[in-house]
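As structure tokens, the structure follows; a few thoughts come after it.
Any value given below was found using the heavy atoms of this structure, including those in side chains, with hydrogens, waters and symmetry copies removed. Within every chain, numbering begins at 1; the chains are lettered A, B, ... in the order of the sequence lines, protein sequences first and strands thereafter.
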Number of protein chains: 2
Amino acid sequence: MTPEHPRSLKAKDSVLCATTELLTEGGLPAATVDAISARSRVSKATIYKHWPCRTAIAAEAFGKQMAAAIPLPDRGNAVDDLTEQVRLVSAFSAGPHGTVFAQLLAACVADPAGSPYFREYFLDARRAAVAELWQRALDRGEVDPEITADTATDVLFGPLIFRLMTGHQALTQEQADALSSAALRGLLS
Amino acid sequence: MTPEHPRSLKAKDSVLCATTELLTEGGLPAATVDAISARSRVSKATIYKHWPCRTAIAAEAFGKQMAAAIPLPDRGNAVDDLTEQVRLVSAFSAGPHGTVFAQLLAACVADPAGSPYFREYFLDARRAAVAELWQRALDRGEVDPEITADTATDVLFGPLIFRLMTGHQALTQEQADALSSAALRGLLS
DNA sequence: TAAGGTGAACTGTACGTTCAGTTCACTTGA
DNA sequence: TCAAGTGAACTGAACGTACAGTTCACCTTA
């Protein structure tokens, strides 16, 4: 690979920084490539040497921001750990970041070229976190061993994301708790 | 409201029909307003007299198609009924229609003007269906009365949608069964 | 004859591309 | 040690394209 000349690093950094700002200020619609170029003072030509498409830039910028905001909990109890992870994600999502997350996920569906970036910078990290928590929980015999970590991830986060995207109801902390509780314990009486 | 002159009805119908075809053939990206206009032989000017934006057209066309494809089951048992409903939706989603569904949901996030249509023509119908099944299940005491029908809907369909949108794993019938089973019974051992 | 529809041209926005020219970190050689 | 040279990386500005949505003069039919 390229030995990453200092100029490249600086340009990449400027772009990601400007993108994060724009995303915070006005969501994905505000993070136009022209706007990013203007604010970062990096030319579009250079930007497109580093990323294949607009979505990729936003995914990288946002993914790094989110990763920094959500640590991996360890309370010594599987249910609490998983619940805490969902709580962290939902607290993050309930704020203005949630909108950006939804927009980004949506953009990756509309523009498949960006989805590898989204997967790399966001999904894989979340999935790995849950996989670790799930393994701990399995070791402690606290969860159903028939269920894979992937299925658990989808069951835990899916409802959150679904509500976020359809926007039919506000995503408060109480709502998030109800969702994760129902997912953990099941719907049956 | 307009008394819906026969010409209006015909135009609307042509548009919805053409849109359904285009969605089937090439997904949402193929259902350009120009393409819809060309195929339906209804002018763009007329189209924009009936719908506020592109997403609205697609949502209406697709919603009607989906509603027709997914009946409300009644097997005399809540668990089976809910599972069956999720199965129907997932079978529908696992095929080429699933992609369109994801694209449409994505489009409504990117373009909020379309989301009322999406809600009206798709989400509300699904939500109403589950609400009815949920009430039946409550009457029979088969599900947790602490959980609302809305929460149940999100827990049942969220994982499916999440997987569909991120596309990290194929959505086979087995996968869908695993998801709905985990959602119904919970993750705990 | 008037409500509804047509068609074609037009505007605006934003993605992604291209290219001639510039900058800067580095070798090279005296 | 320092001027000259080299090439990779960046700039700026223009351009092509695609598509959403609008407008308007004209036609058609109940």
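- When rounded to the nearest whole Å, the span between OH of B:Y48 and P of D:dC24 equals 18 Å.
- Checked by distance alone, B:K49 brings no side-chain donor or acceptor within 3.5 Å of a matching partner on the base of C:dG5.
- Ring centers of B:F92 and B:F101: at least 6.0 Å apart, outside the cut-off.
- We find that NZ of A:K10 is positioned 8 Å from P of C:dC24, with the value rounded to whole Å.
- The listed nucleotides are D:dA20, C:dA14, D:dC24; the one nearest the side chain of B:A45 is D:dC24.
- Counting to the nearest Å, the P atom of D:dG12 and the CD1 atom of A:I47 are 12 Å from each other.
- Panel note: side chain B:W134, backbone B:V143; no donor-acceptor pair is recorded below 3.5 Å.
- Rounded to an integer number of Å, the gap from A:D34 CG to D:dT11 P is 14 Å.
- The local environment of CZ in A:R39 is crowded, with over 12 non-hydrogen atoms from other residues, nucleotides or ligands closer than 6.0 Å.
- Of the candidate nucleotides C:dC15, C:dT6, D:dC10, D:dC10 has the atom nearest to the side chain of A:S43.
- Across the protein-nucleic acid pair, B:I36 atom CD1 and D:dC19 atom P stand 12 Å apart, rounded to whole Å.
- Among C:dA14, D:dC10, D:dA20, the nucleotide with an atom closest to any side-chain atom of B:K44 is D:dA20.
- Put simply, CZ on A:R54 is 15 Å from P on C:dT13, counting in whole angstrom units.
- For the OP1/OP2 pair of D:dT11 and a distance below 4.0 Å, the side-chain nitrogens and oxygens of A:T46 include at least one atom meeting the criterion.
- One finds no side-chain N or O of A:H50 lying less than 4.0 angstrom from the OP1 or OP2 phosphate oxygen of D:dA9.
- Atom CG of B:D111 and atom C1' of D:dC19 are 13 Å apart (whole Å).
- The pair B:R136-B:D74 meets the salt-bridge criterion, since a charged nitrogen lies less than 4.0 angstrom from a carboxylate oxygen.
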